[in-house]
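One structure is given here, and the rest of the page talks about it.
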Amino acid sequence: MAVIIFKPIEKCNSNCIYCDVVTRKDQQAVMSFELLEIVFKNINEYLLSKPDDKLSLIWHGGEPLLLGVDYFKKALEFQEKHCSQTKNRLEHAMQSNLTLINQDFIDVLKEMGINTLGTSYDPEPHVRGGGADRDTAAYNKKFFKGLNLLEENNIGFGFIYVVTKKSIQKPLDVFHVLSNFKLSGGFMMNPVLIYGDDKNDIAITPEEYCDFLGTIFPYWYKHKDRFPMVDPFNNMMRNVRDKQISLGCSDAGDCAYHYAYIGPKGEASQCGRAGDWGIISYGNIKDRSLIDIYNDKSRDILVERTEMLPEGDCKDCRFWYICHGGCPLDAYSKHNEFLRKSSWCEAKKGFLEKYFEPITGLKAEQHESKN
Amino acid sequence: MKPQMIVTLYKPEFIEKQRGRLFVVKTDDYGQIEDISRVCNTHNKLHTIVLTVNEPFSLIPFREEWKNIPIYLVVPEMGSFRDVAAKLNIIHQFKIRVFLNTDHKHTYTNLRILSSIGIPCGIHFGKIDPDWDVINDLMYYSVYGKVKHASIEPFEYVTSQYKPDIYTDFSAVYFNDPHQSVHMNEFGKIALTAEDLVSNKFITDIEHFDSIEQNPLYKEGLKRWQQFFLDNHLCSYCPAWRVCLGKFADKAEVNSVCKKFFSDLMDAADYYRLKQQKGTEVWQ
């Protein structure tokens with residue numbers, strides 16, 4: 001499946017401490033309707049050229065709901081106009097902070113076939129929210145209102161929690177508040193990723209992230225029936241115990257074949273982070289088709305990376321099959337080159353060796369996937 | 001989902017005007033019990049009578065006529081065991097659950113005694129800080145005890161109703177969970193909880209009860225738990241939040257013993273759930 005991280009807007013109504021999109025990017029840029037129409041024409045062309053493929057268009061930002069309801073209606077109009085033959089292979093998804101959601105948005109999201117939204121959550125004051133001081137109270141009030149509206153409309157949600165220096169000292173507290181907030185699970189604890197200056201002093205090391213997860217893991221494992229779908233734990237269990245390999249874009253080693261980013265001015269690159277960081281550019285959707293973007297020669301370096309690492313940084317690593325050297329962008333941010341393993345390798349490897357394997361008694365070994 | 005029960009004081013003229021409702025009636029007069037049952041079951045249905053009296057359980061003048069009437073009896077203490085034992089035959093024929101007040105020093109022992117002689121019972125939380133360690137002992141007896149005994153609330157509710165993916169609100173034991181019941185005053189005004197009723201915080205009236213699930217104040221009331229997260233309250237960080245929901249929040253800052261108790265209660269709930277899933281072994 002082709003996945004497009006689609007950011008028609010970079011502007012956001014929040015100033016989350018761990019997000020650098022709003023400071024790094026031109027916040028005023030919003031994709032014009034002309035360009036939006038080109039995107040749907042391109043999607044149609046791509047799907048016609050690949051009759052067995054699907055395409056997932058992930059509306060991202062900034063905050064996509066700042067676009068307004070009419071923008072999404074226009075998108076549906078363009079979809080109807082240009083993708084009449086292919087729309088059944090086009091899936092929409094969205095990552096939103098939910099603070100602007102209302103019934104009009106819900107109605108149009110349903111029309112787009114979206115029945116689950118991705119969001120983020122952090123209970124700590126001054127982590128999420130508007131303004132320099134980040135007004136968390138006002139933000140969370142709107143956020144919960146949004147969640148309640150989703151619930152009324154039977155729309156599910158999953159969320160990401162970003163582990164920063166603020167939370168590193170209290171892993172279990174963090175875990176409890178997150179799992180209390182959403183009992184059915186569906187959340188992921190990711191490390192904060194800093195590219196450039198750590199101006200908010202929130203960066204953590206891979207070792208700290210490893211120990212953060214490792215402090216939570218024994219409790220989670222003991223009560224795993226109580227805490228379904230908490231990642232990365234649940235996913236590791238699936239991969240190692242159940243032998244059902246399911247890897248995210250960072251670990252699959254095949255992001256070169258599936259991902260693309262399109263920004264508000266039509267600029268294309270490898271993925272959302274590449275777009276945010278301004279690297280691995282694939283030109284502009286105005287003058288390049290999606291087919292061209294997916295065949296761009298610049299992707300070769302990512303393919304080469306997956307071929308080369310088992311003989312290089314990842315030689316003889318028994319976790320290769322569930323890691324593939326990690327995210328190429330993480331490697332780039334540390335080494336200024338892609339043909340290296342991710343700097344977060346120590347977190348994953350460390351967690352598996354120090355916590356996961358001794359606690360579960362399972363051994364992470366390559367095997368034929370049951371999938 | 002709409003709450004099914006209306007909790008109210010006994011006002012016969014009011015209840016008689018209603019049709020097809022399910023009532024929980026509160027009274028402090030055991031002389032009214034048969035009357036309440038008759039009036040409520042004429043055009044409506046009686047769920048339970050909550051009888052709150054100041055006498056010890058041993059001194060309640062049980063009558064044969066109460067046999068088929070579900071009664072929650074809230075008393076300060078058990079009283080003389082000899083007197084209870086003398087009435088045991090008749091009590092066993094009743095649909096009764098006895099709640100003892102935690103403010104009384106022998107309550108925990110007496111609940112264990114009542115449970116052991118087959119009388120369903122429960123904790124009625126009083127004004128004084130409960131002794132969580134002793135409550136924990138009682139919970140262990142109630143959930144893990146191998147000798148046959150009657151259930152003790154709210155342990156029974158939490159262990160039997162607990163599901164990992166939903167909040168378990170044992171207020172339901174005390175008819176104070178707005179998902180299941182609402183409270184009505186003598187003028188037909190409806191409040192979400194007993195506390196709201198006392199503070200005159202009404203959300204609607206009996207005429208609009210049938211559409212209460214559409215009422216914005218009702219919907220908002222069901223989400224009160226979210227305030228703990230909005231306030232970043234200590235209770236929202238508690239491993240046992242899902243079975244407590246901050247009921248002892250005013251004490252949580254200084255008294256984290258409740259955390260230990262409720263965590264053990266959750267483990268008990270998991271144990272009970274797994275036991276139910278496995279079914280009964282042959283040797284059992």
Side-chain angles (χ1 to χ4, degrees), chain A residues 98-99 103 121-129 134-153 156 159 161 166-167 169-187 216 218-220 222-230 234, chain B residues 1 158-159 161-169 179 213-247 249 252 256 259-260 262-278:
Chain A
L98 302 180
T99 58
Q103 193 58 49
Y121 177 63
D122 196 308
E124 280 280 321
H126 312 300
V127 170
R128 305 188 308 165
R134 299 179 185 88
D135 185 354
T136 309
Y139 179 95
N140 277 346
K141 209 168 175 180
K142 290 180 196 160
F143 173 70
F144 272 93
K145 205 174 155 192
L147 288 179
N148 295 339
L149 197 61
L150 293 189
E151 189 187 325
E152 278 179 34
N153 284 275
F159 72 91
Y161 174 79
K166 282 174 172 281
S167 46
Q169 296 302 326
K170 43 186 179 184
L172 272 172
D173 284 345
V174 167
F175 175 70
H176 288 312
V177 75
L178 300 181
S179 50
N180 287 339
F181 162 66
K182 191 162 187 275
L183 300 187
S184 56
F187 66 88
I216 299 169
Y219 187 84
W220 178 84
K222 184 178 173 192
H223 302 288
K224 54 187 177 302
D225 291 338
R226 195 184 287 174
F227 304 113
M229 310 265 291
V230 173
N234 189 52
Chain B
M1 203 173 72
V158 172
T159 49
Q161 300 299 310
Y162 170 77
K163 285 181 188 152
D165 57 348
I166 53 171
Y167 299 112
T168 309
D169 188 353
H179 288 92
E213 73 271 34
Q214 306 297 332
N215 183 318
L217 292 174
Y218 177 73
K219 287 198 268 189
E220 207 179 293
L222 297 183
K223 300 289 180 191
R224 277 184 187 169
W225 60 268
Q226 291 178 347
Q227 197 58 44
F228 285 88
F229 291 84
L230 289 168
D231 296 343
N232 204 26
H233 193 283
L234 193 65
C235 286
S236 65
Y237 289 81
C238 175
W241 156 264
R242 58 183 71 199
V243 297
C244 166
L245 302 175
K247 288 186 178 55
S256 62
K259 177 157 93 178
K260 165 83 174 89
F262 281 107
S263 297
D264 283 0
L265 181 58
M266 272 183 65
D267 288 343
D270 274 338
Y271 164 83
Y272 186 89
R273 196 168 56 90
L274 290 173
K275 202 170 123 186
Q276 294 299 106
Q277 280 170 4
K278 281 181 189 162

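By convention in this document, chain letters (A, B, ...) are assigned in the order of the sequence lines, proteins followed by strands, and residues within each chain are numbered from 1.
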Contact origin within Tyr139(A) toward chain B - heavy atom pairs under 4.5 Å: neither

How many angstroms lie between atom CD of Gln277(B) and atom CG of Asp225(A), to the nearest 0.5 angstrom? 7.5 Å

N/O donor-acceptor pair under 3.5 Å between Tyr237(B) side chain and Asn180(A) backbone: no

Are there over 12 heavy-atom neighbours, none belonging to Lys247(B), within less than 6.0 Å of that residue's NZ? yes

Closest heavy-atom pair, His176(A) versus Pro239(B), reported as atoms and distance to 0.1 Å, is CE1-CB, 3.4 Å

Check against side chain to side chain contact (heavy atoms under 4.5 Å, CB included), His223(A) and Met266(B): CA-CA 10 Å; His223(A) 302 288; Met266(B) 272 183 65; over 6 Å; no

Between Lys219(B) and Asn148(A), does the side chain to side chain contact (heavy atoms under 4.5 Å, CB included) criterion hold? Intermediate values first, please. CA-CA 9 Å; Lys219(B) 287 198 268 189; Asn148(A) 295 339; over 6 Å; no

Check this for me: Gln103(A), atom CD, are more than 12 non-hydrogen atoms of other residues, nucleotides or ligands nearer than 6.0 Å? yes

If you count every heavy atom of other residues, nucleotides or ligands that lies below 6.0 Å from Lys223(B) atom NZ, does the total exceed 12? yes

Over 60° means perpendicular and under 30° means parallel, so tell me whether Phe144(A) and Trp225(B) are parallel, tilted or perpendicular. perpendicular

Which bit of Phe227(A) comes within less than 4.5 Å of chain B, counting heavy atoms only: side chain, backbone, both or neither? side chain

Give me the atom names and distance for the closest heavy-atom approach of Tyr167(B) to Phe181(A). OH-O, 3.5 Å

Can you tell which part of Tyr219(A) gets under 4.5 Å to a heavy atom of chain B, answering side chain, backbone, both or neither? side chain

Between atom CG of Asn232(B) and atom CG of Asp122(A), what is the distance when rounded to the nearest 0.5 Å? 9.0 Å

Shortest non-hydrogen contact between Lys141(A) and Leu230(B), atoms and distance: N-CD2, 3.6 Å

Any Val177(A) side-chain heavy atom under 4.5 Å of Phe229(B) side chain: yes

Might you work through the side chain to side chain contact (heavy atoms under 4.5 Å, CB included) test for Tyr162(B) and Arg226(A), ending with a clear yes or no? CA-CA 10 Å; Tyr162(B) 170 77; Arg226(A) 195 184 287 174; 3.1 Å; yes

Given the options Thr136(A), Asp173(A), Val174(A), Asn140(A), which has more heavy-atom pairs under 4.5 Å with chain B than any of the others? Asp173(A)

Heavy-atom proximity to chain A below 4.5 Å, by part of Asp267(B): both

